[in-house]
Amino acid sequence: MWFIYLLPVFFVVAKLTRGVLSLVLWPLAALLEITDVHTDIVVTDEFCARYVCFYTGYAFAGSSFKFAETVRDSPREGLTLLFAWAVFEVQVVMSAGVATLLIFHRAVRHTALRFLIVRSAGAKLKPQAPIVRAETA
């Protein structure tokens, strides 16, 4: 149940680092995980091991929602994008030396997430009625 005590820490760190560009912070978070930090402090160890997952969701949520919207509106386009990503993955893994980089295991996780998004959107191929929200006075 590490997430119970780490979630507030993640939120505080995210709030404190709002001004830092994602292109700077995300690689640092990935580096924390890759270095496999082991101290006598469990909170520190778990933070280093898992902050990149939290920050990825936090920083790239907009892209994931946009991808889900694309898939919902055009499942074929979504499957095409997923296929293109799979081809990219194969090229990266098969190229000499790159397969040993630990950071690419994140890409595999995101490919699985995107597959789930495509799969769930594909189950609803019929157009959905727009959501109508009641206006409050």
Side-chain angles (χ1 to χ4, degrees):
M1 300 284 258
W2 60 266
F3 58 88
I4 292 173
Y5 58 87
L6 273 181
L7 204 52
V9 176
F10 289 158
F11 284 124
V12 168
V13 172
K15 185 100 170 167
L16 292 173
T17 58
R18 276 190 304 189
V20 180
L21 293 174
S22 294
L23 291 173
V24 173
L25 193 55
W26 191 80
L28 291 175
L31 187 62
L32 279 176
E33 183 197 20
I34 290 170
T35 55
D36 200 25
V37 175
H38 290 291
T39 66
D40 291 335
I41 305 168
V42 175
V43 173
T44 304
D45 295 347
E46 293 296 324
F47 176 85
C48 292
R50 303 183 193 279
Y51 185 67
V52 69
C53 299
F54 171 84
Y55 188 74
T56 299
Y58 172 76
F60 303 111
S63 299
S64 295
F65 288 131
K66 185 176 180 182
F67 178 77
E69 187 176 307
T70 300
V71 171
R72 186 189 68 223
D73 295 342
S74 175
R76 284 191 180 133
E77 186 178 345
L79 288 172
T80 302
L81 290 171
L82 183 64
F83 179 75
W85 180 258
V87 169
F88 170 75
E89 284 275 328
V90 168
Q91 293 300 318
V92 168
V93 170
M94 294 301 179
S95 64
V98 178
T100 58
L101 295 176
L102 295 176
I103 199 164
F104 282 102
H105 81 282
R106 288 282 164 230
V108 172
R109 287 186 187 172
H110 292 129
T111 300
L113 174 64
R114 291 184 190 280
F115 173 77
L116 292 174
I117 292 170
V118 169
R119 181 77 177 174
S120 64
K124 301 175 183 176
L125 294 177
K126 295 180 183 176
Q128 300 293 317
I131 297 173
V132 179
R133 296 180 188 208
E135 293 186 29
T136 56

Among residues at least two apart in sequence or on other chains, which ones pass side chain to side chain donor-acceptor pair (under 3.5 Å) with Ser22?
Tyr55

Any residue meeting side chain to side chain donor-acceptor pair (under 3.5 Å) with Asp40, in chain and number order, not counting sequence neighbours
none

Nonpolar side-chain network containing Val87, other nodes, edges under 4.5 Å:
Phe83

Mind checking who shares a hydrophobic cluster with Leu16, ILVMFWY linked at side-chain heavy-atom distances under 4.5 Å?
Val12

Holding to side chain to side chain contact (heavy atoms under 4.5 Å, CB included), I want the full list of residues that pass it with Val9, two or more places apart in sequence or in another chain.
Leu6, Val13, Phe47

Without swapping roles, check the side chain of Thr70 against the backbone of Lys66 for a donor-acceptor pair under 3.5 Å.
yes

Residues pairing under side chain to side chain donor-acceptor pair (under 3.5 Å) where one sits in residues 10-19, two or more places apart or in two chains, turn out to be none

Side chain to side chain contact (heavy atoms under 4.5 Å, CB included) test vs Trp26 passes for just one of Val20, Leu21, Thr56, Leu31, namely Thr56

For Phe11, check ring-ring contact (aromatic ring centres under 6.0 Å, His included) against everything at least two apart and list the hits.
Phe54

Any chance you could measure Phe10, atom CZ, to Tyr58, atom OH, to the nearest 0.5 Å?
14.0 Å

Quick one: pull up CG in Leu23 and CG in Leu28 and give me the separation to the nearest 0.5 Å.
11.0 Å

Considering only residues two or more places apart or on different chains, which pairs with a residue in residues 73-87 satisfy salt bridge (Lys or Arg N to Asp or Glu O under 4.0 Å)?
none

Scan residues 48-65 for pairs that pass salt bridge (Lys or Arg N to Asp or Glu O under 4.0 Å), counting only residues two or more places apart or in two chains.
Glu46-Arg50

Are Leu7 and Val43 connected in a single hydrophobic cluster, I mean Ile/Leu/Val/Met/Phe/Trp/Tyr linked by side-chain heavy atoms less than 4.5 Å apart?
yes

